[in-house]
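Atoms within each ligand, like the ligands themselves, are counted from 1 in listed order.
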Amino acid sequence: MDINYLGEVQLAHKLRCRVDGCQLVHWEMMRRHWLLVGACGWVLLLLMVASRFINFNLHVPDDYGGKVEARTWTELSARTAKPQRTIPQPNSMSAVDVFPTIPSDWRSVEERRLDQLASVCRNASLRNLTHTSINKFVLDRIFVCDKQKILFCQTPKVGNTQWKKVLIVLNGKYSKVEDIPEDMVHDHEKNGLPRLSSLKENEIRERLDTYFKFFIVRDPFERIISAFKDKFVKNPRFEPWYKHDIAPAIIRKYRKIHRDPDDSSSHEAPGLRFEDFVRYLGDVSGQKRLNRQFGPHVIHWVTYVELCAPCDISYSMVGHHETLDRDAPYILKAAGIEHLVSYPTIPPGITLYNRTKVERYFSGIGKRDVRRLYERFQGDFNLFGYPRPDFLLD
Ligand SMILES: *[C@@H]1O[C@H](CO)[C@@H](O)[C@H](O)[C@H]1NC(C)=O
Ligand SMILES: *[C@@H]1O[C@H](CO)[C@@H](O)[C@H](O)[C@H]1NC(C)=O
Ligand SMILES: *[C@@H]1O[C@H](CO)[C@@H](O)[C@H](O)[C@H]1NC(C)=O
């Protein structure tokens, strides 16, 4: 799977080089054939005008902004009906396809993912790791776009702000993505993007049964690293509770050695260490009380199973952050909204899995703790086809 994926990336690079090469030739010709270039210019201009008609431009996703480093409700237990929408045929040539989008075999990639998900959901020995009730916590994660009949389950650290903006515009509260004030994106009282939990039980059931439903995942260990870094190391948005409330609570319970604070020979940096975080996350039963105390902030590190109930809601599509450049246009097409919106350009390489980074973060962390962490996230690894990180566990 990794190797295939690298192959695809290399191919994409080659294609890009080829395009650049064409451009050089193009400039060379320009000196000699002004008329020809003039004509090309007109064609380009027409294409640009045409594309403006079709896409409104989104800017670089702020989830990646400035990052150089790749940077109890009544339970609805019924499994919902299969999505009724047709799966897109990627080879049809529409104006949107002028831009690099969906490889022709992408449909089979998406179908294989859904097959894998269904088969792991059926596996009885993994049941505790893959199933959850469709409770209020899950319904709080799911956003509703009634105009286009779409449900979107929010999973942090995979470019979700952009999807939410897209849905806010589709719902009609704002006419352009650029018009949405940053602080409005996450204000669900005012932004016209309701949570599923705000509806009545029969309204929820109807939407779960008939709407297009999707969410985005990424490698579970990279996700944890990303959450740790963004919430406890830098924290670009001003969210003091991570460092001031949550970190000390985890340290009190999970730091192995509490150094004497008066010991001046101790040069360690203050604050939560990745090691503490891993030990907390791997303690399945012990973390429950802390998590109640942390409230909705735990969305950054609880499993995708707990966030979106992927075995209890039958999703139409699951995107992967690692292949978001192909998944995003595919999802737009499958949801039938590709003529209304486009997903912003994803900076190249930024979403790729980085094994060096994972190794670096986990170096020096005890095997026993890493194994317990893996056990906690094994459901996510298996459901979404991420390979077991043998290099950390064996
Ligand atoms: C169920 O999951 C377990 C643990 O991953 C695995 O060993 C087993 O082969 C799976 N069973 C089926 C039927 O896929
Ligand atoms: C699943 O969890 C229940 C209770 O939490 C436990 O009794 C049961 O043994 C677990 N099953 C498996 C297969 O781990
Ligand atoms: C992977 O992570 C390492 C360590 O954080 C970093 O030095 C390297 O540049 C990253 N590689 C890519 C391709 O982003």
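- Side-chain N/O atoms of Thr356 and Glu359 include no donor and acceptor closer than 3.5 Å.
- A donor and an acceptor atom, one from each side chain of Tyr280 and Asp369, are nowhere located under 3.5 Å apart.
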Could you list each N/O atom of ligand 1 together with any protein N/O atom closer than 3.5 Å, one pair per line with the distance?
{"from": "ligand 1", "atom 1": "2 (O)", "to": "Asn123", "atom 2": "ND2", "distance (Å)": "2.3"}
{"from": "ligand 1", "atom 1": "11 (N)", "to": "Asn123", "atom 2": "ND2", "distance (Å)": "2.8"}

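- Glu206 has no carboxylate O lying under 4.0 Å from a charged side-chain N of Lys200, or vice versa, which leaves the two without a salt bridge.
- The N/O atoms of Thr356, backbone and side chain alike, include none that comes under 3.5 Å of an N/O atom in ligand 3.
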Show me, pair by pair, the donor-acceptor contacts under 3.5 angstrom made by side chains of residues 387-394, not counting sequence neighbours?
{"from": "Arg388", "atom 1": "NH1", "to": "Asp390", "atom 2": "OD1", "distance (Å)": "2.7"}
{"from": "Arg388", "atom 1": "NH1", "to": "Asp394", "atom 2": "OD1", "distance (Å)": "3.3"}
{"from": "Arg388", "atom 1": "NH1", "to": "Asp394", "atom 2": "OD2", "distance (Å)": "3.3"}
{"from": "Arg388", "atom 1": "NH2", "to": "Asp394", "atom 2": "OD1", "distance (Å)": "3.4"}

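- Using modelled atom types, one finds no donor on one side chain facing an acceptor on the other under 3.5 Å when comparing Tyr353 with His321.
- Between Glu178 and Lys176, none of the side-chain N atoms (NZ, or NE/NH1/NH2) sits under 4.0 Å from a carboxylate O, so this pair counts as no salt bridge.
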